[in-house]
Every structure is written in structure tokens, then in C-alpha cells.
Amino acid sequence: MVVPAEDELEDHQQKDISAEQSVDFPDGGLRAWLVVLGTFFSAFASFGYVNAWGVFQTYYEQTMLKGYSPSAIAWIGSVQCALVLFPALVCGRLFDLGIFKLPFLGASILVVACTLLVGQCKQYWQFFLCQGVGIGIGCGMVFGPAMGIIGQWFRKKRGLAMGFAALGSSVGGTVFPIAAQRLIPRLGFSWTMRILGFILMFVLVISNITLTRRLPPRNVSGGLFNLAAFKDPPFSTYAIAVFTGFLGLYTILTYIDLSALAVGLSPDMAAYLVAIANMSSGLGRIATGIMADRIGALNFIITTTSFAGALSFAWPFAKTEASLIVITVLYGFMYGSFVSGLLLPVYELEEITNAGQRTGMIMSIGAIGALFGIPISGEIIKASKGFEVVGYYAGSTITVSAVFMLTTRQLVLKRLRGKF
């Protein structure tokens, strides 16, 4: 059958569609939605936990690590954020090979153990190893393969399922900052970390019980990092979009409470801004899941990423409690859209059986951006003694990300209108 030129998609999209059509996706049912529940809790205990870093950054600057610069302390958070993404390179490869349960269990134990150890830390290097490296690696090995499982159980409702699963990040990012803020003054830092550890233990037990693979393993060529993938222009441009996005994405989430303190907000209100942003991000995740199924994931996150860039430019000029709350709510929505939707286009760029490798590559590239983004922002704040310049930095990198997303879309569709 000859397809009219204006209705053609790229060859790699046609390959993906034919490959997926040969697989019978449940797209619902008790077992599939239990997988979504398990993924929800894995996101709660990984990305949600790491999203609470802003509260720890402020607490360490004021108490336990007050002799260190904000940029030095930020390295703990940036390593943690990067390692949530970077292990996907290994986990994605293991996932394609059918190896999931044992690494996931080991990572769950690591997250809980390191959280308990953080409560005993006294020196910078101890916090760096336990909270930066240990929790980062554990959360990365929990988050990456769990999100990959969704693609094996859903196709038509994949965006919706991913949205609800990623909602766990928002709930965790709301619960952990509030819990830490309320418990530390009453019980002390050590007991607060123990309580957080018990919460993590409970939710990760549920994830270990409910999460399971559905499709048979596949030995995908190219090893851990398949450089041949970058011969595909859409994949390459999308990888650049993810990298530049993560360079600026965490700036507001990390430093908005410090900027709030600088303009006179109370410490309690400043700490709640992180929780408000993560709560708002839940709406962004759900909206992205719904809109991805209707108009295409990339079509929607191009818009929300552009707005995130604009809000980053505006953030330093928010000098009142009301304006900071507005920025926080709106930015949280846009941030949630970015992180919940960034893997969905990868499923459309490659066969679903290769998704573990490709999503692992994309997340690892994003990890490099996350690793350097927060310390760069910290150095800019230190050098400029304010937040205006760092707002320009974050806004510029996120806007560049939106431009590369738009380029990816054009390379795939080759027209102005279309679902992708």
C-alpha cells in the first residue's frame, strides 16, 4: 500500500509501531494497575525523596555544615540528583536482559540503610558518601527500571499510566520536606532520619512485591552505551534537549527557599515552598500523562518546558510571599511535566524491546546535566551575591532545551502539525 507523502512518519516510527503492534499490551486489568501502584511507590521513595533536597540544603547551611559554601553543600544534592538518573544506563541494560528483581531489592535496602546512616553523620565527607552517593545510587536503581516496566504493560494508556506512576515523585516530594521540617525541631536530626527510613522501608516493600516484568528478555546490541544510536538525528537532538534541560531544571527547586529567606519570608514558609513545588508538580505529571495520549508527549512538554524557562527568568524578581508562591506553583507544574514526560518520546523513537537501553542512555545524559547544574548555580549565586544572574542562567538553559525538543519534533514529523 502506498502511503501519501504528507501522512508519512519517519522510518524509525513505522518500525516502532509495527514492533509494538506485534505485542499484545494488557493496557489495564488488576495486574497492570498493581504495577502502576508499585511504580508509584518506587517514584515516591526515589525521585520524591531526592526532590526534598532543598530542605536539607538550607538546614545544612544553617547548622551542621555552616562552615561550607552553598556550592560545596550543593555538590551533595547534585551528585544525589545525578545518580538518580545515571544508574539507568546499567539498570536499563540489565532490564533488557531480564535481570530486575535482585538489583531492585538490593537498591531498596541501600536506600533505607543510607538514610539511617545519614542520621549519624557529622562531617561533610560522611554526608557526601551517605546522602550524595549511597542514596543517589540506591534511588537511581529503584527509579529507572521501575519506570521502564510501565512500557511493557501499557501502550494506548501509557502516558496516563506513566503520569499516575510518576505522581509518586510529587507525593514523596511533598511528604518528605514537610516531615523533615516538622520533625527536626521536635525529635532532632537523627530520629527524623530514622522515621524517614521507616517510611521508605514500608513503601519499598510494596514495590518489591508488586513490580514484575512481562515481556521476555532481549540481548540488545550495542552494550551499555550504544554510540550508534547517535547516528539517528532525532535521538541526538533529544539527548541534547534533556542535557540542557537538567542543567537549569533544579536551580529553582534548590534555591527558592534561600531566595525567600533573602527577601524576608519566615524559615517555615521558605521551607514549605519546596513542598508546594512538589505538590504542584503532581498536577503537571497527571496533565502530561493525559495530554501525551491525546496530542503527543513531546508536543505538550515543549510548551511546559518553554514556560519553565520563562518562570526561571521571572523568579529572582519575586520579592513578596504571594509572588513567590505563584512562581512556585507554576514552576512545580512545569517541572513535573518535564520529568514525567521526558522518557515518553524515547518509546516512540525506538522499539519497545530496546527501550531499556535507550531510556537508560537518555537518563544518564540528563544525569550529567543534573550533576553540574546545581553547583554551577551555587557558584553563580556566590559570585553575584544575588539570584538575578542565576535566574538568567537557568532560564537560558531550559529555553535552549525547549528549542532542541522542537527540533526533534520537526525531524520526526517534517511538518508543523502532528501528534508526537
Side-chain angles (χ1 to χ4, degrees), residues 1-23 25 27 147-148 150-151 154-163 166 226 228-246 249 284-285 287-310 334 336-355 357-359 361-363 365-366 397-420:
M1 180 179 69
V2 178
V3 181
E6 61 270 17
D7 292 331
E8 285 188 352
L9 294 175
E10 290 294 286
D11 290 342
H12 63 268
Q13 273 197 308
Q14 296 288 5
K15 175 184 65 178
D16 296 343
I17 293 172
S18 61
E20 290 197 6
Q21 286 176 340
S22 65
V23 180
F25 289 84
D27 261 321
M147 298 304 290
I150 294 290
F154 292 87
R155 182 188 172 207
K156 293 180 181 178
K157 299 179 181 178
R158 185 179 297 158
L160 181 63
M162 289 279 281
N226 185 7
F230 293 101
K231 295 179 180 179
D232 182 23
F235 183 83
S236 297
T237 55
Y238 190 66
I240 297 172
V242 172
F243 170 77
T244 53
F246 275 109
L249 193 69
R285 295 169 199 273
T288 301
I290 295 172
M291 297 306 294
D293 292 332
R294 293 184 178 180
I295 66 172
L298 197 58
N299 287 339
F300 189 67
I301 64 174
I302 286 172
T303 303
T304 55
T305 302
S306 300
F307 275 110
M334 307 308 164
S337 175
F338 183 96
V339 296
S340 67
L342 74 95
L343 292 183
L344 291 174
V346 182
Y347 290 118
E348 304 299 325
L349 292 171
E350 186 54 52
E351 295 179 31
I352 190 64
T353 48
N354 293 0
Q357 182 190 62
R358 292 297 178 94
T359 56
M361 291 171 64
I362 286 292
M363 292 178 70
I365 291 168
T397 58
I398 295 172
T399 301
V400 169
S401 174
V403 171
F404 275 102
M405 288 181 185
L406 189 61
T407 304
T408 303
R409 179 188 181 281
Q410 191 62 25
L411 287 171
V412 172
L413 296 180
K414 297 189 181 301
R415 60 181 185 269
L416 294 177
R417 301 184 64 181
K419 180 179 179 181
F420 180 63

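Numbers here are sequence positions counted from 1.
- One distance of note links OG of S306 with CG of L406; it measures 8.0 Å at 0.5 Å rounding.
- Closest of all the heavy-atom pairs between I301 and G341 is CD1-O, 3.9 Å.
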- Query: side-chain contact (heavy atoms from CB on, under 4.5 Å) between F235 and M361: does it pass, once the steps are laid out?
  - Reply: CA-CA 10 Å; F235 183 83; M361 291 171 64; 4.0 Å; yes

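- T237 and T408 form a side-chain donor-acceptor contact under 3.5 Å, judged by distance and modelled atom types alone.
- If you run side chain to side chain contact (heavy atoms under 4.5 Å, CB included) between T244 and each of L249, V400, I398, only V400 comes through.
- Of all heavy-atom pairs spanning D232 and P234, the tightest one is OD1-CD, 2.9 Å.
- Here I302 contributes atom CD1 and F338 contributes atom CZ; the two are 11.5 Å apart, rounded to the nearest 0.5 Å.
- In terms of heavy atoms, M334 sits closest to A308 at CB-CB, 3.7 Å.
- Two residues are said to be in side-chain contact when any heavy atoms from C-beta on lie closer than 4.5 Å; V339 and R285 meet this criterion.
- Heavy atoms only, all atoms of each residue included: S401 and T305 are closest at OG-CG2, 4.2 Å.
- Listed by chain and residue number, nothing satisfies the ring-ring contact (aromatic ring centres under 6.0 Å, His included) test with F404 (two or more places apart in sequence, or in another chain).
- Between M291 atom CE and T304 atom OG1 the span is 10.5 Å, to the nearest 0.5 Å.
- Using modelled atom types, one side-chain atom of Y238 and one backbone atom of L342 make a donor-acceptor pair closer than 3.5 Å.
- Nearest heavy atom pair, residue P345 against residue L298, reads CG-CD1, 4.1 Å.
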